[in-house]
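Read the structure below first, then the notes.
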Amino acid sequence: MSYLLTADSCHFFQPLLNTLVPMLELGVNIDHVATVRQARRTFEPDPVVAAALAEQGGADGITFHLREDRRHIQDRDVEVLMKTVNIKTNFELACADDVLSIAVKAKPDWGLLVPESREEVTTEGGLNVLGDKGRIKDAVARLKDADILVSLFIDSDPDQVEASADLGVDAVELHTGPYALAKRDAQIHELSRLIESGKVATQRKIRLHAGHGLNYTNVRPVAKIPHMIELNIGHSIVSRAVMVGMKEAVMEMRRILDLCS
Ligand SMILES: CC(=O)[C@@H](O)[C@H](O)COP(=O)(O)O
Ligand SMILES: NCC(=O)COP(=O)(O)O
């Protein structure tokens, strides 16, 4: 008797599969819910409510980026998220004293150190761990002294992965922006760079994460990178949520990732 394994039947077996095959973790970045709110400097839509809906939709973690310019996530959001989120909290921040102090006080599960400039529309490159080791090392130490797990947002460069591992971090998050923006042939090249950098992370025994610019059509090849543990996805999920709601948008991405694991 042949059994047609459909998407629905996958869901029936999902709990069993989850025990056999580690499922890819989905971190939902809620920054751009706050972007809509800040457009009018008002109270809605509330990223805290979005986080709760993302949790109901199957997110494994909530990512929020407290930028130095506070263009979207506000200090209040961090305080309330830390009191209300029941899944993993991933606090994104620059290596800057004011936000580091807030993170140390907030005690999220993870701190993801990212480069930041006020002129950028969104994060452009990864941290230059090789070229800025001292400042990054100090920021890593402050977070780890507060019992916060640390990830570094870096470009797909094996040397940057090695330098990150040398700092004793728990994970690297590979910048998938170049992959997401690339045209077909270049996208295959960017994917190979992600795969090569992922191998180094695995060899150095640090968790392999990825994020930036991932969406419902380009995510599958990244999800299938060997030893990929976590994807952090925000803008495309929030964009979809504007149309179908946050819980449904997260469920749709969850279904895609579950079929890739
Ligand atoms: C590092 C990264 O790609 C995102 O997590 C970051 O939050 C992007 O910045 P914005 O959310 O401000 O676009
Ligand atoms: N670290 C990447 C992230 O959290 C989400 O990035 P994006 O999907 O909003 O581009």
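In each ligand, atom 1 is the first atom listed, and ligand 1 is the first ligand listed. Everything numeric in this text was worked out from a predicted model, so none of it was measured.
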Self-check item: Verdict with reasoning, E196 to K199, per salt bridge (Lys or Arg N to Asp or Glu O under 4.0 Å)
Solution: CA-CA 5 Å; E196 287 311 305; K199 284 177 186 170; 3.0 Å; yes

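Of all heavy-atom pairs between L81 and A51, the closest is CD2-CB, 3.7 Å.
Near ligand 1, N29, D31, H32, H65, R67, H72, E92, V114, T122, T123, F153, H212 each place a heavy atom less than 4.0 angstrom from the ligand.
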What does the N/O contact table under 3.5 Å look like for ligand 2?
from: ligand 2; atom 1: 1 (N); to: E92; atom 2: OE2; distance (Å): 3.0
from: ligand 2; atom 1: 1 (N); to: E173; atom 2: OE2; distance (Å): 2.5
from: ligand 2; atom 1: 4 (O); to: N29; atom 2: ND2; distance (Å): 2.8
from: ligand 2; atom 1: 4 (O); to: E92; atom 2: OE2; distance (Å): 3.1
from: ligand 2; atom 1: 8 (O); to: G234; atom 2: N; distance (Å): 2.7
from: ligand 2; atom 1: 8 (O); to: H235; atom 2: N; distance (Å): 3.4
from: ligand 2; atom 1: 9 (O); to: H235; atom 2: N; distance (Å): 2.9
from: ligand 2; atom 1: 10 (O); to: G213; atom 2: N; distance (Å): 2.8

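Between the side chain of R240 and the main chain of A249, no donor-acceptor pair closer than 3.5 Å is present.
Between the CG atom of L93 and the CG atom of D98 there is a distance of 9.5 Å, given to the nearest 0.5 Å. Summarising the geometry, atom NE2 belonging to H72 is positioned 4.0 Å from atom CG belonging to D31; distances are rounded to the nearest 0.5 Å. Summarising the geometry, atom CE belonging to M253 is positioned 4.0 Å from atom CD1 belonging to I233; distances are rounded to the nearest 0.5 Å.
Partners of F153 under the ring pair (Phe, Tyr, Trp, His ring centres under 6.0 Å) rule, at least two apart in sequence or in another chain, are H175.
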Hey, can you pull the donor-acceptor pairs under 3.5 Å for the side chains in residues 59-68, sequence neighbours left out?
from: D60; atom 1: OD2; to: L26; atom 2: N; distance (Å): 2.8
from: D60; atom 1: OD2; to: R254; atom 2: NH1; distance (Å): 2.5
from: T63; atom 1: OG1; to: N90; atom 2: ND2; distance (Å): 2.9
from: T63; atom 1: OG1; to: N232; atom 2: OD1; distance (Å): 2.8
from: H65; atom 1: ND1; to: E92; atom 2: OE1; distance (Å): 3.4
from: H65; atom 1: NE2; to: E116; atom 2: OE2; distance (Å): 2.8
from: R67; atom 1: NH1; to: E120; atom 2: OE2; distance (Å): 2.8
from: R67; atom 1: NH2; to: E120; atom 2: OE2; distance (Å): 2.9

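With D170 as reference, K144 is the one residue of R204, K205, K144 to meet the salt bridge (Lys or Arg N to Asp or Glu O under 4.0 Å) rule.
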